[in-house]
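For clarity, every value in this text was computed on a predicted model and none was experimentally measured.
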Amino acid sequence: MRFCKLFNKKLLMYLVFWAASFYAGLEVFSRTGDIRTIDVIYTFLFHVPLVIIVSLHAFLLIPNYLAKSRFWLYGLTLIVLLGMAYPAYNFSFLLLSDWLFPGYYLVGVYGFIEVTGFAVLYLILSSTLEFGRSWFEVLRSRNKIAELESEKRVSELKALRAQVNPHFLFNSLNTIYSEALKKSDKAPALILKLSDMLRYVVDKMDQEQVLLEEEIEYLTHFVDLHKERLNEPDKVHFSTEGDFSGRKIAPLLLIIFVENCFKHADLTDEEALISIQIKQEAKGLILHCKNTVYEKGNKEEKTSGTGLQNAKRRLDLAYGGSYSLDINQQENLYELTLKLGTG
């Protein structure tokens, strides 16, 4: 179906080309100023060999040899094709004219060099049109591919963001429920923080970039809610440094790294800790996470989980090569440093 569509476009282009050439030929061969029947016939016969040469070149040589980089075959057949120009010209005026127009006496006035020159000229003109058409087709295809790639990238980003849902939701609700049973004054504030977080996820998920200040506020609520569940919340250190105003970042990206700190942390020892530092510098944003880990945990599960793979894929899609992610896994300590540019 696509081949037929392209073929029809190409055929239409050549029909317009020959119509323009025929009109120009009539103007040249009509020496009296008035177009007579004999002028139309002569112009027709003159175009017969040119149509044969150009058509063979456009529909046979270019797609089968030139387009497939078979340059030797293309060069040889092109020479043969040009050699056919003068015999085809003689055929048109000596045989075809008597058969189609027996009442007219028509004689070709051009010699071998002139006819070959006309053939070369028409091949150059038609090739220019053909290559121009092909170039626009390629450009259109590239734009379409780029558009599809962009749509795929956006869809994949949305799918990855959709996976970044607060895994701690039920635990947070249980914490809030416990505080509510105790009629604690903390319950309304915790509900408000959780509500703000969920609203942020819903509102910002489909955006390409969000304000860094909003992202940090989301992380702050996340840390606060987690600290409410811990027996020793003082072991969690969360700090920010720098001027975040006006800066932008891909939404719901940092949460994966922060969440991993709480997911894999071991806070049972006296020296156990979770440390999360976010710093804005002139060159960009730095996120440094550090936490003690389970002594007998599954190292592969900690370092290669779905969440981390998700984050790396999102970094590739959103920032390309303009970020660095360093992970240092020791026996009982896990450190992660992320550096990326913020617009």
Applying ring-ring contact (aromatic ring centres under 6.0 Å, His included) to Phe118 and Phe46, what does each step give before you reach the verdict?
CA-CA 10 Å; Phe118 282 124; Phe46 174 81; 5.2 Å; yes
Check the surroundings of atom [atom1] in [X]: do more than 12 heavy atoms from other residues, nucleotides or ligands lie under 6.0 Å from it?
X	atom1	value
Asp185	CG	no
Asn231	CG	no
Leu15	CG	yes

By the side chain to side chain donor-acceptor pair (under 3.5 Å) test, which pairs, at least two apart or in different chains, include something from residues 40-50?
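For residues 40-50: Ser21-His47.
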Sidechain-backbone polar pair: [X] side chain, [Y] backbone, donor-acceptor under 3.5 Å:
X	Y	result
Thr77	Leu73	yes
Arg314	Leu252	yes
Glu114	Gly111	yes

Decide, yes or no, whether a salt bridge links Asp224 with Lys227 under the criterion of side-chain N to carboxylate O below 4.0 Å.
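Salt bridge absent between Asp224 and Lys227.
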Salt bridge or not for Asp39 and Arg36, using N-O below 4.0 Å?
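Result for this pair is yes, salt bridge flagged.
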Could you walk me through whether Leu267 and Glu232 pass the side-chain contact (heavy atoms from CB on, under 4.5 Å) test, one step at a time?
CA-CA 8 Å; Leu267 298 178; Glu232 299 178 89; 5.8 Å; no
Assess, by modelled atom type and distance only, whether the side chains of Glu215 and Tyr200 contain a donor and an acceptor separated by less than 3.5 Å.
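Indeed, the side chains of Glu215 and Tyr200 share at least one donor-acceptor pair under 3.5 Å.
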Assess, by modelled atom type and distance only, whether the side chains of Tyr334 and Asn260 contain a donor and an acceptor separated by less than 3.5 Å.
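Their side chains do not contain a donor-acceptor pair, so the 3.5 Å distance test is not met.
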If you look only at distance, which donor and acceptor atoms sit under 3.5 Å apart when one is on a side chain in residues 86-96 and the other is two or more places apart or in another chain?
from: Tyr89; atom 1: OH; to: Val109; atom 2: N; distance (Å): 3.1
from: Tyr89; atom 1: OH; to: Tyr110; atom 2: N; distance (Å): 3.3
from: Ser92; atom 1: OG; to: Leu45; atom 2: O; distance (Å): 2.7

Taking the side chain as C-beta and beyond, is there a heavy-atom pair between Leu287 and Ile276 under 4.5 Å?
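Side-chain contact under 4.5 Å: yes.
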Taking all non-hydrogen atoms of both residues into account, name the closest pair between Phe244 and Ile278 and its distance.
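Closest approach of Phe244 to Ile278: CZ-O, 3.9 Å.
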Might you point out which heavy atoms bring Phe22 and Val40 nearest each other, and give the distance in Å?
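Smallest heavy-atom distance, with atoms named: CZ-O, 3.7 Å.
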Suppose we screen for ring-ring contact (aromatic ring centres under 6.0 Å, His included). Which residues come up paired with His57, at least two apart in sequence or across chains?
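For His57 the ring-ring contact (aromatic ring centres under 6.0 Å, His included) partners, ignoring immediate neighbours, are Tyr74.
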